[in-house]
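Notes follow the structure.
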Amino acid sequence: FKFTDTQDRAPVEREDQATAWKGHFYGVYLLCSQSLDPRYRGKCYVGFTVNPQRRIRQHNRGCDFGGAKKTSRKGPWQMVMIVHGFPNNIVALQFEWAWQQPSLSTRLKIFPELKRKKPREAHFDYNFRILSRMLCVGPWNRLTLTVRWLETDYERGFEVSLPRQIEIVSGKVTITASQRKIGGTVVDPTPVAWAPECHLCMLGIDQPERSRLGCTNPTCRLTCHMLCLANYLLGDEPGHYIPVGGECPLCETRLSWAGLLQRKRLLTGVPEELQDRDEAEEDPSDGPDVDSDVEEIEPESELSD
């Protein structure tokens with residue numbers, strides 16, 4: 001497949017390789033089988049992961065090494081794309097389930113054409129069609145997500161106009177061994193000079209570790225209650241509760257709500273229950289990287305299209 005940009009937006013951004021903080025990456029991926037067996041070739045599988053490179057190794061090594069039962073002996077598999085940028089694993093798992101089960105998802109019932117694959121439609125095309133609709137409906141159209149192509153042969157343009165905050169990129173992503181380490185160097189968060197009171201309501205912040213947010217610009221001293229900043233960013237969007245983004249009220253830096261929350265987590269540290277163990281590659285356990293064993297693979301007796 002060749003990529004053609006069908007949207008009123010910049011073409012896909014090419015990246016050699018992106019790096020994500022361990023404990024802060026939640027992705028929902030699409031696998032395509034490259035099996036020589038015509039029963040399985042071209043079939044697809046949707047799953048959730050906190051570590052894409054480790055996950056594809058597990059799928060291709062089989063269920064005895066952490067892969068899903070439904071993908072064992074039906075590969076090799078390619079992870080062709082992944083959607084990431086979810087605020088937590090719960091939101092990502094909900095996205096995974098809806099992508100797997102569009103006919104059962106309350107959000108997608110308005111699209112009856114997604115209930116089943118069209119005659120002679122490729123499995124990848126069907127899954128891409130589901131994803132295209134999902135990104136345009138709430139709550140996912142309010143998230144600052146990244147659609148990342150991992151295999152250039154599958155790249156294509158979206159036939160629908162996606163929300164402007166959703167980014168489309170191409171390139172691999174790796175997870176750092178430590179949330180504070182990039183390129184082998186330990187990185188400490190830049191110290192922040194917080195103000196004693198909220199810049200928006202001018203009241204003191206009683207529980208700063210829980211309710212304080214600031215700008216992503218390291219030179220900006222913005223200090224706000226989380227609720228105050230959310231209401232400020234929602235000024236032009238009545239009827240919503242969670243902002244997508246907006247401009248910093250002090251320095252006018254463009255902000256994304258997801259970026260603000262990620263910065264807050266990095267400054268305060270990751271709760272122990274959200275951290276992965278440092279696992280050996282052959283360790284079959286995958287922490288929160290769990291599959292639900294619901295996928296697009298049809299019964300073995302059926303031939304692929």
Side-chain angles (χ1 to χ4, degrees), residues 9-10 13 15 18-27 83-89 91-92 138-148 162-169 173 175-176 178-183 185-271 274-275:
R9 58 191 296 159
E13 179 182 344
E15 297 181 350
T19 303
W21 297 109
K22 182 176 181 180
H24 297 275
F25 183 91
Y26 310 101
V83 182
H84 58 93
F86 299 97
N88 54 55
N89 63 324
V91 177
W140 307 302
N141 63 352
R142 303 281 304 167
L143 301 178
T144 307
L145 299 175
T146 296
V147 178
R148 179 175 296 276
L162 301 183
R164 62 184 180 181
Q165 80 277 4
I166 293 180
E167 186 180 24
I168 304 174
V169 300
V173 59
I175 309 301
T176 59
S178 168
Q179 71 173 45
R180 305 281 190 216
K181 186 179 293 186
I182 289 183
T185 303
V186 176
V187 179
D188 290 323
T190 304
V192 179
W194 297 106
E197 58 188 24
C198 175
H199 281 114
L200 295 175
C201 72
M202 304 309 294
L203 297 176
I205 301 179
D206 296 330
Q207 296 179 309
E209 296 303 316
R210 297 188 58 185
S211 61
R212 182 177 61 192
L213 281 182
C215 182
T216 52
N217 177 358
T219 64
C220 179
R221 289 196 62 196
L222 178 71
T223 304
C224 294
H225 291 104
M226 186 182 295
L227 185 58
C228 291
L229 186 55
N231 287 333
Y232 175 85
L233 296 176
L234 284 169
D236 296 331
E237 298 182 288
H240 292 286
Y241 297 98
I242 300 177
V244 171
E247 289 188 352
C248 171
L250 290 189
C251 70
E252 298 183 347
T253 294
R254 189 69 189 174
L255 305 175
S256 78
W257 188 250
L260 290 171
L261 296 181
Q262 183 180 48
R263 177 177 180 270
K264 179 177 177 62
R265 288 195 293 267
L266 287 172
L267 290 172
T268 58
V270 186
L274 295 183
Q275 294 187 14

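Everything quoted here is computed from the prediction, not taken from an experiment.
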If I take atom OH from residue Tyr232 and atom CG from residue Leu227, how far apart are they, to the nearest 0.5 angstrom?
15.5 Å
Of all the heavy-atom pairs spanning Pro249 and Leu222, show the shortest one and how long it is.
CG-CD1, 3.7 Å
Side chains of Phe25 and Val173: does their closest heavy-atom pair fall under 4.5 Å?
yes
Say whether, by atom type as modelled, one donor and one acceptor occur between the side chain of Glu247 and the main chain of Leu233 under 3.5 angstrom.
no
Exercise answer: donor-acceptor pairs, residues 197-214 side-chain atoms, under 3.5 Å, sequence neighbours excluded:
| residue | atom | partner | partner atom | Å |
| --- | --- | --- | --- | --- |
| His199 | ND1 | Thr223 | N | 3.0 |
| His199 | ND1 | Thr223 | O | 3.4 |
| Ser211 | OG | Gln207 | O | 2.9 |

Nearest 0.5 Å, please: how far is CD in Gln165 from OG1 in Thr146?
10.5 Å
I'd like to check Ser256 versus Val244 (side-chain heavy atoms, cut-off strictly below 4.5 Å). Are they in contact?
no
Rounded distance (nearest 0.5 Å) linking atom CG of Leu261 with atom NZ of Lys264:
8.5 Å
Step by step, would you call Leu162 with Asn141 a side chain to side chain contact (heavy atoms under 4.5 Å, CB included)?
CA-CA 8 Å; Leu162 301 183; Asn141 63 352; over 6 Å; no
Return the CG to CG distance between Leu255 and Leu229, rounded to the nearest 0.5 Å.
7.0 Å
Please determine whether side chain to side chain contact (heavy atoms under 4.5 Å, CB included) holds for the pair Trp257 and Thr144, giving the CA-CA distance in whole Å, both sets of side-chain angles, and the decisive distance to 0.1 Å.
CA-CA 8 Å; Trp257 188 250; Thr144 307; 5.7 Å; no
Sorted by chain and number, sequence neighbours left out, side chain to side chain donor-acceptor pair (under 3.5 Å) with His84 holds for Arg148
Let me confirm one number: the SG-CZ distance from Cys215 to Arg221, rounded to the nearest 0.5 Å.
13.0 Å
Side-chain contact test, heavy atoms from C-beta onward, threshold under 4.5 Å: evaluate it for Ile166 versus Val147 and give yes or no.
yes
Could you check whether any side-chain heavy atom of Leu143 comes within less than 4.5 Å of a side-chain heavy atom of Phe86, counting everything from C-beta outward?
yes
With the side chain counted from C-beta on, respond yes when Pro243 and Asn231 share a heavy-atom pair under 4.5 Å apart, and no when they do not.
no
